[in-house]
Amino acid sequence: MNIAKVIVDVPASSINQTFDYLVPEKFQDILQTGMRVIVPFGPRKIMGFVVGKSSESSFDKLKEIVDVLDLIPALTPELLDLGKWLANETLSLYITALQAMLPQVMKAQYNKEIVRMTDSELSSEFENLFAGRDIIAYEEVEGSAISYYQLQKAVQDGDISIDYLVKSKITKKHVTMIKPARSPHLLEEAIYDLSKNAKKQLLLLQYFLEKPEAIAKQQLLKALKTTDSTVKALIDKGLLESFQMEVYRNPYDDDAFARTVALELTEEQTTAILPIKENISNEKHDVFLLHGVTGSGKTEVYLQSIQDVLDKGKEAIVLVPEISLTPQMVKRFKGRFGSNVAVMHSALSVGEKYDEWRRIQRKEVQVVVGARSAIFAPFENIGIIIIDEEHETSYKQEDQPRYHARDVAIHRGETHQCPVILGSATPTLESYARAQKGVYKLATLSKRTNEKAMPEVEIIDMRDELHAGNRTMFSRKLKTRVEQCIQRGEQIVLLLNRRGYSTFVMCRDCGHVKECPHCDIALTFHKNSSQLKCHYCSYEEPMPVECPECTSDLIRYFGTGTQKVEEALAKLIPEARVIRMDVDTTRRKGAHEKLLTQFANKEADILLGTQMIAKGLDFENVTLVGVLTADSMLHLPDFRSSEKTFQLLTQVSGRAGRHELSGEVIVQTYTPDHYSIELASNYNFNDFYLKEMAMRKTFQYPPYVFLALLTISHENKIKAVQTAQKIVQMLLKNIQSDSKVLGPTPSPIPRIKDRYRYQCMIKYKNEPDLRSYINKIMDIFKDEMRKEDLQITVDMQPYHLM
DNA sequence: AGCACGCCGACT
DNA sequence: GTCGGCGTGCTC
C-alpha cells in the first residue's frame, strides 16, 4: 500500500480524476486517506487530497509525495464519499466539492520563488535583481528588465532555479506554557540550593510543587506577580521548561451564557417530538417536517431532541440561515449545551472559523450550529441533523458546487441512519408536498407556547392613499399607529422589502436609466460615496449632474432605499428615534449585534430594515410591525415570488406581540387582492399551499417537475445564441417525451462583464440519465470552452433563474 | 489551471 | 541569429 491515489487541486475537467503517487518511506506510517498532501504536478507543486491507497498502479513512472499537510485527515472517509456524491449530483468537479467541505484557510496558496544557484557572477540584470539576496519572489522578475526568455535560459544554464511553493494559509494561535522539568523531589532539592535573594524563584518552585501541571505563562506571571526573567532563570537552570500549546480562538465566552434547562413541553410539542425520539433511539432515518407557527416552540423541540442524541454519545448538526444566526439564536444553544457547541457563520474571522472547525474535528464539541456549509461538519457519529427555517433560499449555494444543504443533510442522514428535521413556519412547497405524500413525516405545531393569538394584520391599499393625495410611502394609518406607539413607549419594526427595487438613477425628463456599460443592468446609487456602482462587475462612476442623453439636470435616483425611508421618516415623524439596519450599517463586524442591543435597550423607537430584520428577532416591547412595500418582489420573473412574499409577510408578522403586549401588523401594498398577501394576513398556510400548488401544476413548476438550468455565455452574442440552440437540439434528442426544454432565451440579466448570456431550462419528471447527457454535451463543447472562452454552467434545481 | 515546448514571424 | 507571441498538449 505504498501508492496514494490523489485528487489534485486543479479545477479542470481534464484533471477530474485521481493521480497516483509513491508514498516515501518516511510517510508510510502516517499517511491516511483524507489527508492533504503536496505533490509534484508537471513542473510545479500543488496540493491534493489522498482519496485512496493501493499497492499497485497502472502507471509505471510515479513521482513521490513531497509533503503531508495534516496529522489528522482533513476529511473523513464519509466526507470523501459525500464529496463524490456531491460532485456527481451538482455536476461539478470532485476537487471543487472537496474544497467546499473545508474551511477557507485550508485551501492552499501557491507561490513561486527564484533561487540563485551559483556564486559566480551573473549578468548585470540578474545581479541587480538579486541585489545581494539568494531568494527572491517571482513577482519581482515581472517588474524587472529581464525577459521570460532570459529567465528560461538562466534556468537551463543552472544559474537559477524556480521553486514552486505550496503554502498552507493556516494560522494557529499559540500560547507559551510552563511546566516543571524535574520530578518533585528534585525541585525540593533545588529549593535548598536557591540563593537567599531569589525569593520569586522560590515562590515559583513552591507553586509547581503544589501544582505540577502545565500552566500558561501569562497566567502564571499574573498569579505570582512576577516577571519573565524569573521564569527564564529557572528554565536556564533546567528546573522548568516551556513549550507552545495551540489555543483556539473561542469567539464566544461560554461562561457568559446563562444556562437553561429543558422547558416543559406543550401537548403539541410532545406529540411532535415523540417520533423523532423514537428515530433517535432506534437509529432510524426519517425526514421530519416540523411545521410550526412563529412562537410555537420549534427550538425547544430541537433542543430536547439534541439532548437525547447527546445522551447516546452522538453528535448533532443544526443549520440556521446566515441572516438569523444572531446572538439570540446562539444564546439558546450555548445556554443549553454550554461549551459543547461550536458556532460557524460568516461573521467569524477565517481563523475563528478554522478553530471552531478543529473543535468539531477533535470531537471537543458534540453540537455545531451554523450556516449552510456547517452541513459538512466532520462529525463521525451523527445522531440528528436539524435545518431551521427550511424554506430559506440561503441554503442553496449559488456557486460551484451548487448544492442545497437540505439534500446534503438528507444524504448524510441516510448514511448515519439518523433523523433529519426540517423546521419552518412556512415550509417550501417542495417539502410540504413531500410531507403530504408521506415521504417526509409531518409534525405540526399550530399554537404559540404563550397561547397568544397571532397579531392582527391589516392590509392597506396604497392606491387609495395615492388617490387621497398622500404621496409619501407611509399610509395615513401607519403614520397614526406609529405615533400612537411612540407615545405609549412601545417599539416598532418597519420592514422595507427591498428585493426587486434598488436605487437606480433615472432622468425625469427623458426617462433615461443609467446602466452599466459591461452588464445589462441598472447601476445602483450609493449615497455615501456619491457613486454609481454595478453589483455584478466592479464598475463604478460618479453620479452625473446632468442626463447624458438629453442634458436635463432633472436626473435623480429612484427606488426606495432604507436611507431614503429614514429621511422621509424624519420629516414625517420628527420625534421618532430610528435605527436603520441594512447591508451598509451592518457591514462592520459586530455592528449587527450592537444595533440590536441598542434597540433592545429601547434606545430607539423604530427598527427600520430590510429582510434581515424579518427573522428570529424577539423583542418584548415591539407591538407594531409595518411592511412598507409588500409586493415589491411579486413582479419579479421568478416562479417562487408568491411563495417568497407569503413567507416574508408571515415571518415579519411574527415579530409583533410576542410577549405580554399584543401586537398589530400593517401591510402596505398596491396589490391587496393577491392571494399571497391576502392569505398571509390570515396566517392561512393551508389555503396558500393549495392555491400555489394549483398554480405550479398549471405552469409546470416544482414540485410538479424538476428543473435544470443551463447558462451559456460568450463575448459574442451570436456565438452564445448559436451554442445555446445547439445544446437545446442535443437535449431534445436525449430526453424523455414528457420532459420539456425551454429556450434558448436571454438570461434575466442578458449581459454580465461583457459576456452575453443565454439560458435553457429543462423541466422533467423522471430523467435518470440527465446528468450523463449534460456531461456528454459539456464534453462536446470542451474545446470551444477552452479555446474560445465559451462558458456553460449547469444548475440543478436552481433557486435563482439568473 | 498553468506550464513548457515548438513553430512562426519580426527585428537587429 | 535573437526575441516574443501564440497554439497545443500534458500533468501520476
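We name chains A, B, ... by the order of the sequence lines, and we start the count at 1 in each one.
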Notebook entry, point to check: Looking only at side chains, do A:Glu25 and A:Asn2 share a donor and an acceptor under 3.5 Å apart?
Noted result: no
Check: Rounded to the Å, how far apart are A:Lys782 NZ and C:dG9 C1'?
Finding: 12 Å
Check: DNA chain C: A:Lys153 or A:Lys787, which has the more 5' nearest nucleotide?
Finding: A:Lys153
Note to self: By the 4.0 Å heavy-atom rule, please label A:Ile15 as base, sugar-phosphate, or nothing.
What the structure shows: base
Checklist line | Side chain of A:Ala12 (C-beta onward), nearest among B:dC3, C:dT11, B:dA1 | finding: B:dA1
Item checked: A:Tyr110 six-ring face occupied by A:Arg44 cation (under 6.0 Å, within 45°) -> no
Checklist line | Stepwise ring-ring contact (aromatic ring centres under 6.0 Å, His included) test for A:Phe19 and A:Phe41 | finding: CA-CA 9 Å; A:Phe19 285 79; A:Phe41 196 68; 5.0 Å; yes
Item checked: Ring-face cation of A:Lys363 near A:Phe379 (centre distance under 6.0 Å, axis angle within 45°) -> no
Check: Any donor-acceptor pair under 3.5 Å between the side chain of A:Arg44 and the base of B:dA1?
Finding: yes
Margin query: Under 4.0 Å, counting only non-hydrogen atoms across every strand here, what does A:Tyr21 touch: a base, just sugar-phosphate, or nothing?
Written below: sugar-phosphate
Checklist line | Atom pair distance, as rounded to whole Å: CD in A:Gln109 and P in B:dG2 | finding: 13 Å
Next item on the list: Could you tell me whether A:Ser57 contacts a base, only the sugar-phosphate backbone, or nothing, with contacts defined as non-hydrogen atoms closer than 4.0 Å?
Entry: nothing
Margin query: Could you tell me how far apart A:Ile65 (CD1) and C:dC12 (C1') are, to the nearest whole angstrom?
Written below: 11 Å
Notebook entry, point to check: Quick one: the side chain of A:Arg786 and the base of C:dG9, do they pair up donor-acceptor inside 3.5 Å?
Noted result: yes
Note to self: Please report the distance, rounded to the nearest Å, between NZ in A:Lys61 and P in C:dT11.
What the structure shows: 12 Å
Margin query: Checking A:His404 now: which residues fulfil side-chain hydrogen bond (donor to acceptor under 3.5 Å, both in side chains) with it, not counting sequence neighbours?
Written below: none
Check: Between A:Gln400 and A:Thr90, do the side chains contain an N or O donor and an N or O acceptor separated by less than 3.5 Å?
Finding: no
Checklist line | B:dG2 phosphate, OP1 or OP2, under 4.0 Å from A:Tyr138 side-chain N/O | finding: no
Checklist line | A:Pro43, nearest nucleotide to its side chain (from B:dA1, C:dC12, B:dA4) | finding: B:dA4
Margin query: Rounded to whole Å, please give me the gap between CD1 in A:Ile38 and P in C:dC12.
Written below: 15 Å
Notebook entry, point to check: Can you give the dot-bracket line for DNA chain B, where a pair is Watson-Crick or G-U wobble with both atom distances under 3.5 Å, crossing pairs use [ ], and | marks a partner on another strand?
Noted result: |||||||||||.
Item checked: Cation-aromatic face contact A:Arg116/A:Phe130, 6.0 Å, 45 degrees -> yes
Note to self: Parallel, tilted or perpendicular: which one describes the rings of A:Phe706 and A:Tyr764, with boundaries at 30° and 60°?
What the structure shows: tilted
Check: Over how many whole Å does the gap from A:Asp60 atom CG to C:dC12 atom P extend?
Finding: 13 Å
Note to self: Using whole Å, what does the distance between atom P of nucleotide B:dC5 and atom CG of A:Leu151 come to?
What the structure shows: 13 Å
Next item on the list: Using a 4.0 Å heavy-atom cut-off across all strands, classify A:Tyr110 as base, sugar-phosphate, or nothing.
Entry: nothing
Check: Can you tell me how far P of B:dA1 sits from CG of A:Asn16, to the nearest Å?
Finding: 12 Å
Next item on the list: Could you say whether the aromatic ring of A:Phe59 and the base of C:dC12 stack, counting only centre distances under 5.5 Å and plane angles under 30°?
Entry: yes
